[in-house]
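Okay, structure first, notes after.
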Protein chains: 4
Amino acid sequence: MSTKNITPQAYGIPEHFQHWEGDCAEDHNGPFFFAVDAAGQTESVTTAFRVRPENCNAHKTLHGGILMMFADYTLCIAAIGGSHEAVVTVTCNNEFIGPAFDGDLVIGRGEVTRKGGSLIFVRAVIEVDGKPVLTSSAVVKRVKRRES
Amino acid sequence: MSTKNITPQAYGIPEHFQHWEGDCAEDHNGPFFFAVDAAGQTESVTTAFRVRPENCNAHKTLHGGILMMFADYTLCIAAIGGSHEAVVTVTCNNEFIGPAFDGDLVIGRGEVTRKGGSLIFVRAVIEVDGKPVLTSSAVVKRVKRRES
Amino acid sequence: MSTKNITPQAYGIPEHFQHWEGDCAEDHNGPFFFAVDAAGQTESVTTAFRVRPENCNAHKTLHGGILMMFADYTLCIAAIGGSHEAVVTVTCNNEFIGPAFDGDLVIGRGEVTRKGGSLIFVRAVIEVDGKPVLTSSAVVKRVKRRES
Amino acid sequence: MSTKNITPQAYGIPEHFQHWEGDCAEDHNGPFFFAVDAAGQTESVTTAFRVRPENCNAHKTLHGGILMMFADYTLCIAAIGGSHEAVVTVTCNNEFIGPAFDGDLVIGRGEVTRKGGSLIFVRAVIEVDGKPVLTSSAVVKRVKRRES
């Protein structure tokens with residue numbers, strides 16, 4: 001499956017957001033998008049995702065698992081800061097603050113608190129309409145990627 | 001969409017496992033299955049899930065988000081012990097211990113550590129071939145369900 | 001034991017910081033101090049603590065347990081925003097980002113992400129010399145206090 | 001200060017428990033004790049601690065910070081399994097399940113879920129009278145120790 005034609009516009013998301021290629025699970029649920037802070041100084045990224053019916057649970061709200069999946073995406077993208085470095089999540093802690101609903105535009109804001117030689121520490125807030133729905137923190141580990 | 005014909009056998013999962021009806025997000029990714037401990041004494045449940053290509057990430061392993069989604073399912077099912085009580089997840093903490101791959105049978109084991117009046121405390125270990133791939137803990141909150 | 005004469009100045013901490021009276025465990029290790037943001041608008045507090053030899057571990061650095069204790073203090077003070085409401089910690093998650101040493105001035109910054117009817121969601125960053133040493137998040141529960 | 005004469009018996013703790021030498025912060029609050037499972041096969045340890053008035057908070061119950069400190073001790077001792085390997089805590093997540101009171105004997109049970117080359121994954125349950133008061137999980141990192 002080619003996902004080259006996945007565009008933020010198709011989901012009502014501003015066009016400066018980019019799509020990360022090659023993750024089946026994310027495209028099967030999202031697609032998720034990200035934008036790296038232009039300033040470059042601060043290690044921060046913004047992510048975006050439009051809730052669809054297949055992301056919802058029996059309460060007709062966004063499933064907590066999908067929310068954690070989007071948080072994990074936000075944390076990892078923040079950790080690599082838009083580079084192509086490979087990382088794996090070691091820990092991911094989540095507080096569910098409020099609900100999100102079908103059709104909502106969900107925005108993630110990730111920040112690196114420390115970049116070590118092997119471990120990177122990251123935090124994120126996931127919001128809808130400027131109100132937090134999830135806070136999340138992670139430790140991710142740098143891994144060697146084998147380019148084929 | 002009717003999901004009444006989702007059977008564990010179709011995924012190579014033992015037939016004493018049951019399917020929880022009505023969660024689009026879970027069926028879109030799983031389906032996930034559960035079995036309540038026959039003994040009844042101990043508050044424990046087992047859950048099961050067969051990894052498919054659309055659950056995998058760019059590393060060709062089970063996406064961490066899907067793993068957390070399955071952990072959340074396991075923790076909530078454990079919290080309600082097979083009843084139809086409604087709960088929402090308040091916190092969910094995860095340690096990623098090892099990878100799972102396409103085709104793997106993923107098994108979750110949930111245990112309640114305390115059932116309070118409004119909050120229920122739960123832990124889970126998610127395994128593949130008897131080896132832990134994720135440990136997870138949660139606080140879930142009982143909510144009033146409005147039956148329509 | 002009266003702790004009325006515990007002053008921030010005695011620990012080289014600015015005098016607008018206050019001491020919370022009546023917690024033996026905190027005074028036995030700290031004492032810890034706090035200051036509520038004057039603006040009042042934002043629900044944020046700052047806390048302060050001077051590391052002493054009896055707070056250190058076998059590595060001669062601030063013990064992680066004491067750091068979590070100070071984080072818990074920061075999170076609870078942030079949750080109540082300088083009021084005398086009683087709360088108990090339900091969950092407390094911590095990432096250890098860097099070390100602190102004997103004599104260091106440790107500063108905590110807490111922020112409320114949501115104040116619900118029974119649960120309050122809070123995050124904190126603990127810093128030394130402006131660099132994060134711990135990130136922490138908590139869910140705390142409001143409890144009825146019996147005034148005697 | 002020599003702590004060689006800190007004995008479990010002085011705190012009403014069974015004499016097969018040992019004291020870990022050289023941690024000022026722990027001795028200032030505990031002392032804490034540990035026992036490695038005789039079987040040796042399973043990587044599990046038991047820890048013990050008697051609550052004293054100086055460990056209590058304004059609610060006259062064991063301070064959550066001291067409980068997390070004891071959890072951290074339990075998790076680290078479990079990670080090294082009674083050896084003298086040096087480790088530092090990377091993450092420590094805690095759920096506060098119930099209270100402990102002055103005079104209580106607090107018992108910790110730690111288990112390793114995975115020992116990797118650099119990271120060790122551990123979980124613990126802290127109990128009083130066989131009832132859980134805290135569940136905790138951690139990732140700890142092996143560090144090179146410089147023997148002087």
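Proteins get letters first, then strands, A, B, ... in listed order; numbering begins at 1 in each.
- Ranked by non-hydrogen atom pairs under 4.5 Å with chain B, the options A:Glu95, A:His28, A:Arg52 are led by A:His28.
- At a 4.5 Å heavy-atom cutoff, A:Val139 makes no contact with chain B through either its backbone or its side chain.
- Across A:Val90, A:Ile66, A:Asn55, the residue that shares the most heavy-atom pairs under 4.5 angstrom with chain B is A:Val90.
- Residue A:Glu15 qualifies as open at atom CD: its count of foreign heavy atoms under 6.0 Å is 12 or below.
- Heavy-atom pairs under 4.5 Å with chain B peak, among A:Val88, A:Asn94, A:Asp72, A:Leu134, at A:Asn94.
- Proximity of a side-chain donor or acceptor of A:His63 to a complementary backbone N or O of B:Cys24 within less than 3.5 Å is not detected.
- A:Cys92 touches chain B through backbone and side chain together, each having a heavy atom under 4.5 Å away.
- Proximity to chain B (any heavy atom under 4.5 Å) is restricted, for A:Pro53, to the backbone atoms N, CA, C and O.
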